[in-house]
Number of protein chains: 2
Amino acid sequence: MFSIGELSKRTKVKVPTIRYYEEMGLLPEAERTAGNQRRYDKAGLERLSFIRHARDLGFSIEAVSSLIELQDHPDRSCEAATDIAASQLADVRAKIKRLRTLEKELSRISKGCDGEGVSEDCYVLASLADHNLCDGEHQKA
Amino acid sequence: MFSIGELSKRTKVKVPTIRYYEEMGLLPEAERTAGNQRRYDKAGLERLSFIRHARDLGFSIEAVSSLIELQDHPDRSCEAATDIAASQLADVRAKIKRLRTLEKELSRISKGCDGEGVSEDCYVLASLADHNLCDGEHQKA
DNA sequence: TCTTGAACCTCTAGTTACTAGAGATTGTAT
DNA sequence: ATACAATCTCTAGTAACTAGAGGTTCAAGA
């Protein structure tokens, strides 16, 4: 059994974040010492590693919650898990796509001004002011 | 002079968001009718277009604020503007890089399970549980 | 001119996933 | 026994909005 600080060190998840996960229900309520401090064992470590891994891959807390639920029921169909992963993948791909559009446009705009002149002549500012100066395919929607 | 609803329609920025921008100082306080409703003119429209354009490119409110400040002073050096743009570009590129790593890993994991089995045998869940099953280069840091 | 209903007003609270800090208590090493 | 790092709970803050309550104003038709 080890303390929350020790768990934090081993998983590289910050102490307040661990408490937060507990509050959110990702981690079960930890056992406590007589003095009310949390104590963890191997199971706690493994679960937190799972969470951290999933979070690192960009899964939302809610998604992680569902994934844990599934992991806790080895006999259930894992369709939901693959769905969640697929949806996360689609999400990531959509974000990449959008960011690439932004990158193109930002890069083009950036190149238009070397920063040595005054605002009035700045291509960066002019581009922002006038949508006609850009490729115009970077709307949010 | 036109209403906030009209401004919203023309810029595709939602009404509450316009009010929010005013509160944040991105938009100057609008003129009001006798009955306290906001009225805008061409200048307001142009400024909001500028904001929307910058936000679409991913600039933070704070960055937009600085950009506006510069635009309001045509005689100042525009170095800050190009710096902001360059930093935003770097940011976008960093995000793309990270997302590409995630995409690779998620895609690999996703392919490992077709969702027809049970949790116990699910490669998605197993990968999350055991970091050794993945390429391991997708930490946050 | 009167009425009605859409549009407007302000204010508060909620969203995501934490982070920071205050003030009090506990664990552990000397 | 004592000191001090680590822990505890609780509140508030972050970014950039969004949603909703409860009340007022504007504009168009009768």
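Order of the sequence lines fixes the chain letters, A, B, ..., with proteins taken first and strands second; residue numbering starts at 1 for each chain.
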| request: Mark yes or no: B:Arg10 above the aromatic ring of B:Phe2, with NZ or CZ under 6.0 Å from the six-membered ring centre and no more than 45 degrees from the axis. | output: yes

Whole-Å distance separating the [atom1] atom of [X] from the [atom2] atom of [N]:
{"X": "B:Ile61", "N": "D:dA15", "atom1": "CD1", "atom2": "C1'", "answer": "8 Å"}
{"X": "A:Arg55", "N": "C:dC18", "atom1": "CZ", "atom2": "C1'", "answer": "9 Å"}
{"X": "A:Glu23", "N": "D:dA12", "atom1": "CD", "atom2": "P", "answer": "15 Å"}
{"X": "B:Tyr40", "N": "C:dC9", "atom1": "OH", "atom2": "C1'", "answer": "12 Å"}
{"X": "B:Phe59", "N": "D:dA15", "atom1": "CZ", "atom2": "P", "answer": "18 Å"}
{"X": "B:Glu6", "N": "D:dC26", "atom1": "CD", "atom2": "C1'", "answer": "14 Å"}
{"X": "A:Arg32", "N": "C:dT26", "atom1": "CZ", "atom2": "C1'", "answer": "13 Å"}
{"X": "A:Ile4", "N": "C:dT26", "atom1": "CD1", "atom2": "C1'", "answer": "14 Å"}

Mind checking side-chain contact (heavy atoms from CB on, under 4.5 Å) for [X] and listing every partner two or more places apart, or none if nothing turns up?
{"X": "B:Tyr20", "answer": "B:Met24, B:Ile61"}
{"X": "A:Lys97", "answer": "none"}
{"X": "A:Ser66", "answer": "A:Ile84"}
{"X": "A:Ser60", "answer": "A:Glu62, A:Ala63"}

Is the phosphate of [N] approached by [X] (side-chain N or O, under 4.0 Å from OP1 or OP2)?
{"X": "B:Ser3", "N": "C:dC8", "answer": "yes"}
{"X": "A:Arg19", "N": "C:dC18", "answer": "no"}
{"X": "A:Arg38", "N": "D:dA6", "answer": "no"}

| field | Residues that B:Gln71 engages under side chain to side chain donor-acceptor pair (under 3.5 Å), provided they are two or more places apart | value | none

| field | side chain to side chain donor-acceptor pair (under 3.5 Å) partners for B:Glu116, two or more places apart | value | none

List, with names and distances, any nitrogen or oxygen atoms from the protein found under 3.5 Å away from nitrogen or oxygen atoms belonging to nucleotides 27-30 of chain C.
unit_1, atom_1, unit_2, atom_2, d
C:dG27, OP1, A:Thr33, OG1, 2.7
C:dG27, OP1, A:Gly35, N, 3.0

| message | For DNA chain C, which residues of residues 24-31 of chain A approach it to below 4.0 angstrom with any heavy atom? | response | none

| Just by modelled atom types, is the B:Cys113 backbone N or O under 3.5 Å from a matching donor or acceptor in the A:Thr82 side chain? | no

Show the distances under 3.5 angstrom between N or O atoms of the protein and N or O atoms of nucleotides 18-20 of chain D.
unit_1, atom_1, unit_2, atom_2, d
D:dT18, OP1, B:Lys14, NZ, 3.4
D:dT18, OP2, B:Thr17, OG1, 2.8

| field | Of all pairs that satisfy salt bridge (Lys or Arg N to Asp or Glu O under 4.0 Å), the ones with a partner from residues 74-85 of chain A, not counting sequence neighbours | value | A:Glu69-A:Arg76

| task | Just grab all the salt bridge (Lys or Arg N to Asp or Glu O under 4.0 Å) pairs involving residues 17-28 of chain B, residues at least two apart or on different chains. | result | B:Glu22-B:Arg32, B:Glu22-B:Arg38

| query | How would you list, by chain and number, every residue that makes a salt bridge (Lys or Arg N to Asp or Glu O under 4.0 Å) with A:Lys12, sequence neighbours excluded? | reply | none

